[in-house]
Each structure stands twice: as C-alpha cells, then as structure tokens.
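Each remark here refers to the structure printed beneath this line.
Convention: sequence-line order gives letters A, B, ...; per-chain numbering from 1. Given the structure is predicted, the values throughout are model-derived calculations rather than measurements.
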Amino acid sequence: MKGEALPSPFAEAVLDLVARIPSGKVMTYGDVAGCLAMGGPRAVGTVMARYGGGVPWHRVLRAGGYPPDGHEVEARKRYRSEGTPMRGDRVDLDLARWTPSQDHLGSQE
DNA sequence: GGAATGACGATAA
DNA sequence: ATTATCGCCATTC
C-alpha cells in the first residue's frame, strides 16, 4: 500500500509536472503554476523546496532563466550535462522553455 | 482562524 | 547592473 508521505494535491501536481520535463528543457516557476492553472510561482517554489528532492529540480528556474538561489553551481553542471541551451550564465528560455502540450508536436507550427 | 514563511515575479530607484 | 518593495499563493506554525 502506499505508506508514502502524502503531500498536498498541489504539491503532487507540481512534482508530477516537473518530473516529466524532458532533459535539456526547462520551465519557470510561473510556467509550472500556469500550466497547472493553479497556485502561483511562489507556491510552486515552496513545494519544490520541500519535496523537490525527488524530481529534476534543476529543470525549474526563475523567470529570468536563473537557477534557484543557492543551487546555481549544482544546476549549471547539469545544464552542461544535458545540453541545455544557455546564454552566458543563464538558460536560454527561448530555446529551452518547455510545455507538456508541445511534447508530441514537431518543431514546426 | 490568523500570522508568518518561502528554490517567485515584476517594478521602482 | 544591483538592491529594495509590493503583490501573489499554498503550506506551516
């Protein structure tokens, strides 16, 4: 049975979404909240800080393309490893931003 | 039930 | 560019 700690529904939704972000792609806190159509960037960050340890947290960054505070060094190594499109010290959101809907789409539109 | 918190976002100076 | 302030929202005390 499930004896796991059961986080709030909102936390589950956030973790579930972040867990399926493909390698080399990223989402901002605001995008996650918008995609879930609930909460806000602040609430998403709160969840990530509490339960983000089980998901690719480095694929969630701030609006400007900067990784979460205090984890910049750790995240940067992963971006380089996953080939995340970067623009200097920050991730290029124009190329790396991802949304679940485009997952099955081609690169055309 | 209410106040405080936090891996945010945008704007002002 | 950097620092400060306000608004937003779910979780926690």
CG of A:Leu95 to NZ of A:Lys25, rounded to nearest 0.5 Å, is 7.0 Å

Which value, rounded to the nearest 0.5 Å, describes the distance between A:Cys35 atom SG and A:Trp98 atom CH2? 7.5 Å

Round to a whole Å and report the spacing from [atom1] of [X] to [atom2] of [N].
| X | N | atom1 | atom2 | value |
| --- | --- | --- | --- | --- |
| A:Met38 | C:dC8 | CE | C1' | 15 Å |
| A:Met27 | B:dA7 | CE | C1' | 16 Å |
| A:Asp69 | B:dT5 | CG | C1' | 16 Å |
| A:Phe10 | B:dA7 | CZ | C1' | 13 Å |
| A:Tyr51 | B:dG6 | OH | P | 15 Å |
| A:Asp89 | C:dA1 | CG | P | 11 Å |
| A:Glu12 | C:dA10 | CD | P | 16 Å |
| A:Arg62 | C:dT2 | CZ | P | 13 Å |

Nearest-neighbour nucleotide for the [X] side chain, [options] considered:
| X | options | value |
| --- | --- | --- |
| A:Pro41 | B:dA7, B:dG6, B:dG9 | B:dG9 |
| A:Pro68 | B:dA7, B:dG9, C:dC9 | B:dA7 |
| A:Ala43 | B:dG9, B:dA7, C:dC9 | C:dC9 |

Quick one: do A:Met27 and A:Tyr29 end up in the same hydrophobic cluster if we chain Ile, Leu, Val, Met, Phe, Trp and Tyr together by side-chain heavy atoms under 4.5 Å apart? yes

Would you say A:Arg50 reaches C:dT12's phosphate, i.e. side-chain N/O to OP1/OP2 under 4.0 Å? yes

Between A:Thr46 and A:Leu61, just flag the one whose closest nucleotide in DNA chain B comes earlier from the 5' side. A:Thr46

Which pairs count as salt bridge (charged side-chain N to carboxylate O under 4.0 Å, His left out) when at least one residue sits in residues 72-99 of chain A, sequence neighbours excluded? A:Asp31-A:Arg97, A:Arg59-A:Glu82

Could you check whether [X] gets within reach of a base, just the sugar-phosphate, or nothing at all, counting any heavy atom under 4.0 Å?
| X | value |
| --- | --- |
| A:Tyr29 | base |
| A:Gly39 | sugar-phosphate |
| A:Ala49 | base |

Give the C-alpha distance, both sets of side-chain angles, the deciding distance and a yes or no for side chain to side chain contact (heavy atoms under 4.5 Å, CB included) between A:Val91 and A:Tyr79. CA-CA 8 Å; A:Val91 177; A:Tyr79 299 146; 3.8 Å; yes

